[in-house]
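Not measured: the values here are computed from a predicted model. Atom set for the values below is all heavy atoms of this structure, side chains included, hydrogens, waters and symmetry mates excluded.
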Amino acid sequence: MANVGYSKKVMEHFMNPRNVGVIENPDGYGKVGNPVCGDVMEIYIKVKDDKITDIKFRTFGCGSAIATSSMVTELAKGKHVDEAVKITRADVANELDGLPAQKMHCSNLAADALHEAIKDYKNRKQKK
Amino acid sequence: MPEQPCGSNGVQMSRIYLDNASSMPVDFRVFEFAKPYLMASHGNPSSLHSVGLEAKQAVEESRRKIAEFIHAENENTIIFTGSATEANNLAVKGTALRNIIQGKAIIASAIEHMSVINPMKEMQKNGFSFTSLSVDSTGVVDLKKLENILTKNTVLTSIMYANNEIGTIEPISEISKIVHEKGKYLHVDAVAAAGRIPIDVQKDGIDLLTLSSNDLYGPQGAGALYVKPGVKIQSVLLGGGQERGLRSGTENVFSIVGMGEAARIAQQEMKQESSRLLPIRDKLIKEILKIDQSYLTGHPSQRLPHHASFRFSYIEGESILLNMDMYDIQVSTGSACSSKTLEPSHVLLAIGLKHEEAHGSMVITLGRSTSMNDVELVSKATNETVQRLRKLSPMSQEWRK
Ligand code: FES
């Protein structure tokens, strides 16, 4: 179904996803599952002075899920955690020049994983 | 990915189209044969003048070809419809409603096409009891269970000749014997099987059989239902009484004529084409199964000669499809992400796959354009695709640990 109607940008991120991988000893980790179709996405962040200095993701899901996770890592990288936490699924979709209607839920997943990672970071910080 | 050279007609020369189960190109010979009925001979077969007569004769010739193709008793057994979906609806609703006095039980296998399952479910709302017949892990229906659930009230049992997603061929003759011991009619959806393996409705003991034009390299917009002489069925589409009153609506002459010619060619070339595709298919399966954690879905030997279906752990099918498309290789998948409902294919669940296993499915259906040369490219592209997507997947890491 290459004609699900993905934008060029979505396909570009799908083919060349940014920030793929794992960070050993991350400062924050978020993992979410897609309740709709059963996919899994995880995000690792490294934070210095409340700024996201490094970010990595891994995704088990459709083209849109891969592209949105790649995009969310790009959007968050270098941002203050309080800024990054404001990134919404709409931001992710917009940056990718839109997503087909039936694929919007995948962008939720990407934003949620990021938010989870930041939450985890804040929790760890408090415990210290 | 390297840029592919383009042919003059804009079609990429190196395209490897392996999604023949979804849509097939119209055979050029079929198009040439039926073309006049798009333009010059545009008659309505119901009109009495000469132009109408010409159209009628062409439709009747097509009916004969299709009857021959499935070894039907005579050409009057063939009812043309607008699609295979329509033929399946007619078979299910038309026989259930017509034979309601005899009983209100209907059966379909769990891997039937939605155009069989959904009408059955609708009949359920009308007071019928519908039983879904389970299949084993290779997709073969459970014959013991079939025996047990059949009663003399079972007016219709619908089991496909072969499944389009996993390629498994059902033992139709045996099924027919079992069905006719207690129940009434056996309907067989032969859309995936027709033109791939020989079908003989009389030998196989089939009462109703569905065919699709496009799946025979014919034009879209035509299907057919074989109705054995004596089978009681009523129309579900009322109007001007075309097709013996069973399917009203002006015939789509072009598509019907094309379908007949497509069936004739398929019948002529099937044996040769199947023996050409078999070794290609087997080599492809052998190569692809070299990939770590890859599995064949469906039956290993009792399967359609052009069909190879797989699943790969830890990755998702829509991504596989998109990634393969980058190599200009077109495949299909039964993954949840690729379906409109975001549910995994009911066929993959029926053979016992878990949600996440069904996720990584890839279906390859070879066609007339496939050659042995494609095997290397396709298996290499598949391997690279799987490796790349696994690198992106959190699941595979867990498995490596
Ligand atoms: S992750 Fe399943 S549809 Fe996008």
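- Taking CZ of Phe60(A) as the reference point, atom CG of Leu392(B) lies at 12.5 Å (rounded to 0.5 Å).
- Atom OG1 of Thr59(A) and atom CE of Met395(B) lie 11.5 Å apart (nearest 0.5 Å).
- Ser393(B) contributes atom OG, which lies 9.5 Å from atom CG of Asp39(A) (distance to the nearest 0.5 angstrom).
- In this structure, chain B has no heavy atom under 4.5 Å from any part of Ser69(A).
- Rounded to the nearest 0.5 angstrom, Ile66(A) CD1 and Leu389(B) CG are separated by 5.5 Å.
- Considering only heavy atoms from C-beta on, Lys391(B) stays 4.5 Å or farther from Pro17(A) through its side chain.
- Atom CE in Met15(A) sits 9.0 Å away from atom CG in Leu322(B) (nearest 0.5 Å).
- Taking 4.5 Å as the limit, some side-chain heavy atom of Met326(B) sits within range of a side-chain heavy atom of Met11(A).
- Surrounding CD of Glu287(B) are more than 12 heavy atoms belonging to other residues, nucleotides or ligands, all under 6.0 Å away.
- Both tests pass for Arg388(B) against the ring of Phe14(A): distance under 6.0 Å to the centre and angle within 45° of the axis.
- Of all heavy-atom pairs spanning Glu316(B) and Cys62(A), the tightest one is OE1-CA, 3.0 Å.
- Residue Val40(A) touches chain B through both its backbone and its side chain, counting heavy-atom pairs closer than 4.5 Å.
- Between Gly61(A) and Ser319(B) the shortest heavy-atom distance is O-OG, 2.5 Å.
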